[in-house]
Amino acid sequence: MRMRHTLAAVAAAGAIAAITAGPAQATEYSSALKIKGVQYDAPGADSNRCSGGNTKNEYLTIKNYSRTTTVDLRGYVVKDAAGNKFTFTAGHRLEPGDYVNLRGGRGTDSDAGNVVYRQNCNFVWNNDKDTIYLLKPTGAKADVHSYTKRANDADGNGYITYHG
Ligand SMILES: [Ca+2]
Ligand SMILES: [Ca+2]
Ligand SMILES: [Ca+2]
């Protein structure tokens, strides 16, 4: 209950910040890894069937923006506004400029293919609005972004860019 309340407060604070500062000026944390962008609405009609559905086409791109430091994703956590949580339990070394697409659905993770699957066929990023939390293994925030389809997806293609 306490956790839920804290999350709600953080989400509310984020929403207020977005209104006053604009969506492009979210708080910047000290972190090499940031959210490059999100395909929060998988193209086409959504189906969460593991076979034949399109959850794999809903993904979050996490990129290493450091010019010098390689970062291991092991222990990093991704959460949404509702508290759904994914932890990178396996090691994935992101060299400077490297990225990974965290996709829904089931599949085989591949460093060469820059992909990690959530091994869950349900969608996680709401199509109307949500908040994306990227947390370090310590629990400290690495990057946080709130969005609404109306305010942040001008071309309506279901994709939002945060860090280029
Ligand atoms: Ca979605
Ligand atoms: Ca869709
Ligand atoms: Ca877009």
Side-chain angles (χ1 to χ4, degrees), residues 3-4 6-29 31 33-65 73 76-90 92 94 97-110 113-136 141-164:
M3 182 79 154
R4 186 165 297 185
T6 303
L7 280 173
V10 169
I16 291 164
I19 289 164
T20 51
Q25 297 174 23
T27 303
E28 290 298 326
Y29 300 95
S31 173
L33 302 191
K34 294 181 186 297
I35 298 163
K36 183 173 190 289
V38 62
Q39 185 76 47
Y40 66 92
D41 186 352
D46 285 358
S47 165
N48 63 2
R49 289 185 308 163
C50 284
S51 178
N54 63 339
T55 319
K56 284 181 181 175
N57 296 327
E58 186 196 65
Y59 64 92
L60 179 70
T61 304
I62 298 166
K63 181 176 173 180
N64 181 358
Y65 288 88
L73 273 169
Y76 272 75
V77 171
V78 169
K79 282 202 301 193
D80 70 356
N84 294 304
K85 181 175 160 182
F86 174 85
T87 302
F88 288 92
T89 53
H92 294 279
L94 291 185
D98 203 2
Y99 69 94
V100 68
N101 289 325
L102 177 62
R103 293 184 177 275
R106 295 178 187 160
T108 304
D109 298 351
S110 165
N114 302 106
V115 63
V116 169
Y117 291 93
R118 290 190 286 106
Q119 308 300 340
N120 184 323
C121 299
N122 290 319
F123 293 93
V124 63
W125 308 118
N126 294 351
N127 290 354
D128 56 347
K129 60 180 178 179
D130 215 331
T131 301
I132 304 166
Y133 297 87
L134 176 63
L135 307 177
K136 299 178 183 184
K141 293 184 180 75
D143 201 13
V144 179
H145 291 280
S146 295
Y147 65 83
T148 70
K149 185 177 186 70
R150 179 178 297 190
N152 305 114
D153 188 5
D155 61 10
N157 66 351
Y159 187 87
I160 299 168
T161 299
Y162 290 115
H163 300 272

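Just the heavy atoms: all of them, side chains too, but no hydrogens, waters or symmetry mates, feed the values below. Note that the coordinates shown come from a computational prediction; the quantities given were computed from them, not determined experimentally. Counting from 1, the numbers follow the sequence of the chain as shown. For ligands, and for the atoms within them, numbers begin at 1 and follow the listed sequence.
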- Message: Tell me whether the count of non-hydrogen atoms from other residues, nucleotides or ligands lying under 6.0 Å of NZ in Lys136 goes above 12.
- Response: yes
- Message: Quick check on the Ca ion (ligand 3): does Asn157 put an N/O/S atom closer than 3.0 Å to it?
- Response: yes
- Within the stated cut-off of 3.0 Å, is an N/O/S atom of Ala42 closer than that to the Ca ion (ligand 2)? yes
- Query: Taking just the N, O or S atoms of Asp46, which one is nearest to the Ca ion (ligand 2)?
  - Reply: OD1
- Give the name of the N/O/S atom in Asp41 that lies closest to the Ca ion (ligand 2). OD1
- Looking at Glu58, the N, O or S atom sitting nearest the Ca ion (ligand 1) is OE2
- Under 3.5 Å, side chain of Asp130 to main-chain N/O of Asn126, donor-acceptor pair present? yes
- Within the side chain of Asn114, is there an N or O that forms a donor-acceptor pair under 3.5 Å with the backbone of Tyr99? yes
- Query: Can any side-chain N or O of Asp128 pair as donor or acceptor with the backbone N or O of Lys149 at less than 3.5 Å?
  - Reply: no
- Task: Verify the distance criterion only: is there a donor paired with an acceptor across the side chains of Asn54 and Ser47 at less than 3.5 Å?
- Result: no
- For the Ca ion (ligand 3): the N/O/S atom of Asp153 at shortest distance: OD1
- Please determine if Lys141 forms a cation-pi arrangement with Tyr133, meaning its NZ or CZ atom is less than 6.0 Å from the six-membered ring centre and no more than 45° off the ring axis. no
- Query: Is Gly158 close enough that one of its N/O/S atoms sits under 3.0 Å from the Ca ion (ligand 1)?
  - Reply: no
- If we ignore angles and hydrogens, is there a donor and acceptor under 3.5 Å between the side chains of Asp98 and Asn64? no
- Task: State the atom name: nearest N, O or S atom of Asp155 to the Ca ion (ligand 3).
- Result: OD1
- Message: Working to 10°, measure the angle at the Ca ion (ligand 1) formed by atom OD1 of Asn127 and atom O of Tyr40.
- Response: 90°
- Item | Presence of N, O or S from Tyr159 under 3.0 Å of the Ca ion (ligand 3) | yes
